[in-house]
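These numbers come from a predicted model, not from an experiment. Chain letters run A, B, ... following the sequence lines, proteins first, then strands; residues in each count from 1.
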There are 2 protein chains.
Amino acid sequence: MSTALDKDLRNFSKLRSEISGSLAEKPPRERILLAARELFYRFGVHTVGVEAVAETALTNKMTLYRHFRSKDDLIVAYVEQLAGENVATLDRLLGEGLGTPQQKLAAWIDHVEDVLSNKSERGCALANAAVELDAGHPARGVIEDYKRRKHDRLVNVFRAARYREPERLADEVFLLFEGARISLQCGGSGPASRLVAMLRSLLAASPRDDAR
Amino acid sequence: MSTALDKDLRNFSKLRSEISGSLAEKPPRERILLAARELFYRFGVHTVGVEAVAETALTNKMTLYRHFRSKDDLIVAYVEQLAGENVATLDRLLGEGLGTPQQKLAAWIDHVEDVLSNKSERGCALANAAVELDAGHPARGVIEDYKRRKHDRLVNVFRAARYREPERLADEVFLLFEGARISLQCGGSGPASRLVAMLRSLLAASPRDDAR
DNA sequence: TAGCTGTGTTACCGATCGGTAACTGCGCCG
DNA sequence: CGGCGCAGTTACCGATCGGTAACACAGCTA
């Protein structure tokens with residue numbers, strides 16, 4: 001098999017991108033989750049072994065297994081961590097209090113632009129995990145919950161912005177965004193790079209009630 | 001690790017879904033590719049071992065390695081097989097000769113409906129493979145070529161149908177479709193199930209020159 | 001009949017996988 | 001000070017991984 005990343009290479013990437021990062025002196029459990037986040041996202045949950053995670057977290061397998069009962073447990077924690085952060089980001093952008101619905105939408109699209117333009121983008125980590133995990137895996141439920149929740153937030157903000165068909169618009173925006181993220185890693189960057197412009201004109205062209 | 005599919009279970013699925021299928025008495029190479037297609041798509045290229053592929057193909061590892069130099073070679077052949085068939089399907093639906101561009105588009109959307117409504121849909125096999133394979137893998141090039149080609153065909157048929165912005169429309173349709181397939185396995189079936197209606201009304205609403 | 005080619009079979013290799021046992025040692029709190 | 005809990009370390013387990021060697025046996029052609 002072509003691992004395409006010698007084990008040594010993995011350890012080097014750890015030293016640079018993690019230590020220089022923030023994992024300096026945190027409790028082991030946090031370090032492990034940080035390492036898992038990096039490695040699972042970059043290389044996939046199946047190709048990365050628990051030992052690689054532990055070493056990248058500057059600890060060892062035994063300590064990892066003191067905090068997570070199994071690798072599957074670690075995967076679930078990894079997925080829950082991502083889902084939680086993404087929901088928090090959504091709350092920060094679309095939550096109550098901050099500006100008009102239009103302003104929230106503009107801020108969210110700016111955020112989408114940041115995500116997509118990020119180099120080293122390998123698509124949505126949660127979607128990637130879902131692809132790798134078979135139907136019975138406990139992490140699947142977490143992923144599906146998150147995606148549903150995200151879709152609901154979109155419906156709500158479209159409704160608050162008085163769009164005439166908020167559900168339909170949310171479906172469309174949701175699918176476009178998901179498609180863009182998966183296309184970034186296999187479809188060439190063409191269509192995905194034009195997503196933001198598409199979103200803006202889609203929202204501008206969709207009919208709204210009232211509109212002040 | 002939760003394999004969620006005991007090895008025995010895999011072998012049973014082979015006996016039923018493959019033998020009863022068509023692999024009855026074909027040359028070994030074809031049987032192997034058929035088995036790889038089934039197993040790689042259902043469970044992912046990484047979780048399925050070469051031995052499982054060989055046994056499902058009613059042969060053994062040695063014969064597999066006489067036809068494919070390595071597992072990576074088999075993965076490339078698997079991906080090439082899928083890309084080739086998908087391009088053939090596109091040619092059959094959108095190719096020259098058969099009807100007006102509008103008829104071709106209607107036929108293509110019917111085909112999309114079939115794909116999405118198919119139970120046991122696990123998303124686009126090529127996109128899934130791309131998620132599992134890291135950037136250097138030779139199969140990645142095949143996948144990207146296919147996706148680009150598919151996008152180009154969409155542009156061409158939209159141009160032939162005299163849509164005013166064929167590239168933009170192709171981007172949108174492409175991303176929607178990709179998003180729907182990935183969402184089927186992690187986003188709940190909600191947005192994806194409404195894709196076909198979205199496509200039809202999108203095409204109906206998009207401006208065209210001339211229009212007969 | 002002899003010989004060749006392709007398939008099946010068994011056994012094996014080193015490496016790595018997920019997971020565990022047992023021990024050392026540090027720091028913290030009484 | 002004594003003790004306890006947690007982290008680190010080493011060594012190990014059985015299983016499975018991708019990949020190979022050697023041999024038996026079929027079918028075909030000459």
Side-chain angles (χ1 to χ4, degrees), chain A residues 1-11 14 23-36 39-40 43-78 132-134 137-139, chain B residues 1-11 14 23-36 39-40 43-78 132-134 137-139:
Chain A
M1 283 291 279
S2 86
T3 48
L5 44 124
D6 284 351
K7 185 193 259 183
D8 322 69
L9 202 144
R10 270 191 259 191
N11 292 350
K14 126 204 147 180
L23 112 170
E25 265 318 318
K26 299 187 169 173
R29 191 190 155 92
E30 281 184 46
R31 300 207 304 269
I32 292 168
L33 278 174
L34 277 173
L39 295 178
F40 284 168
F43 307 111
V45 291
H46 278 138
T47 65
V48 173
V50 291
E51 187 127 35
V53 174
E55 285 178 9
T56 303
L58 302 180
T59 177
N60 51 58
K61 209 163 39 162
M62 224 19 254
T63 300
L64 188 153
Y65 276 102
R66 284 198 194 96
H67 291 279
F68 303 93
R69 264 183 286 189
S70 65
K71 183 180 180 180
D72 284 318
D73 250 49
L74 175 60
I75 292 175
V76 170
Y78 159 73
E132 284 196 86
L133 272 28
D134 51 45
H137 198 286
Chain B
M1 282 291 280
S2 86
T3 48
L5 43 124
D6 283 355
K7 187 192 258 182
D8 321 68
L9 202 144
R10 271 190 258 190
N11 292 350
K14 126 203 146 183
L23 112 170
E25 266 319 318
K26 300 186 169 172
R29 189 189 157 94
E30 280 185 48
R31 300 208 303 268
I32 291 168
L33 278 175
L34 277 172
L39 295 178
F40 285 169
F43 307 111
V45 291
H46 278 138
T47 66
V48 173
V50 290
E51 187 127 33
V53 174
E55 285 178 8
T56 303
L58 302 180
T59 177
N60 50 57
K61 208 162 40 161
M62 224 18 254
T63 301
L64 188 154
Y65 277 103
R66 286 196 192 99
H67 291 279
F68 304 94
R69 264 183 286 190
S70 65
K71 183 179 181 181
D72 284 318
D73 250 49
L74 175 60
I75 292 175
V76 170
Y78 159 73
E132 284 197 86
L133 271 27
D134 52 45
H137 198 286

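In this entry the distance linking NZ of A:Lys26 with P of D:dC6 reads 21 Å, nearest Å. The interatomic distance linking A:Asp72 (CG) with C:dC17 (P) rounds to 16 Å, in whole Å. To the nearest angstrom, P of D:dC6 lies 16 Å from CG of A:Leu64. Residue A:Lys71 contributes atom NZ, which lies 12 Å from atom C1' of C:dG19 at whole-angstrom precision. Rounded to an integer number of Å, the gap from A:Phe68 CZ to D:dA7 P is 11 Å. Protein atom OH of B:Tyr65 is 11 Å distant from nucleotide atom P of D:dC17, rounded to whole Å. Between the C1' atom of D:dC17 and the NE2 atom of A:His46 lies a distance of 14 Å, rounded to the nearest Å. Between B:Glu51 atom CD and D:dG19 atom C1' the separation is 11 Å, expressed in whole Å.
Here the closest non-hydrogen pair linking A:Val48 and A:Ala52 is CG1-CB, 4.2 Å. What you find for A:Arg31 and A:Leu58 is that their closest heavy atoms are NH2-O, 3.4 Å. Residues A:His67 and A:Pro28 approach most closely at NE2-CB, 4.2 Å, considering heavy atoms. The minimum heavy-atom distance between A:Val45 and A:Lys71, with the atom names listed, is O-NZ, 3.0 Å. B:Val53 and B:Ala36 get closest at one heavy-atom pair: CG1-N, 4.0 Å.
The side-chain hydrogen bond (donor to acceptor under 3.5 Å, both in side chains) check on B:Asn60 picks up B:Thr63, with sequence neighbours excluded.
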Heavy-atom contacts, protein to nucleotides 9-15 of chain D, under 4.0 Å, summarised as B (base), S (sugar-phosphate only) or - (none) per nt, yield B------
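Side-chain contact between A:Thr59 and A:Leu64 is absent, with no heavy-atom pair separated by less than 4.5 Å.
The side chain of B:Arg31 lies closest to C:dG8, out of C:dG8, D:dT20, C:dG19.
Side-chain N/O atoms of B:His67 include one lying less than 4.0 angstrom from OP1 or OP2 on C:dT7.
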Given B:Phe68 and B:Val76, is the side chain to side chain contact (heavy atoms under 4.5 Å, CB included) satisfied, shown in steps? CA-CA 10 Å; B:Phe68 304 94; B:Val76 170; over 6 Å; no
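Comparing the start and finish of the helix from C:dT1-D:dA30 to C:dG30-D:dC1, five pairs each, the helix axis swings through 0°, to the nearest 10 degrees.
Rounding to the nearest 0.5 Å places NE2 of A:His137 at 3.5 Å from CG of A:Asp72.
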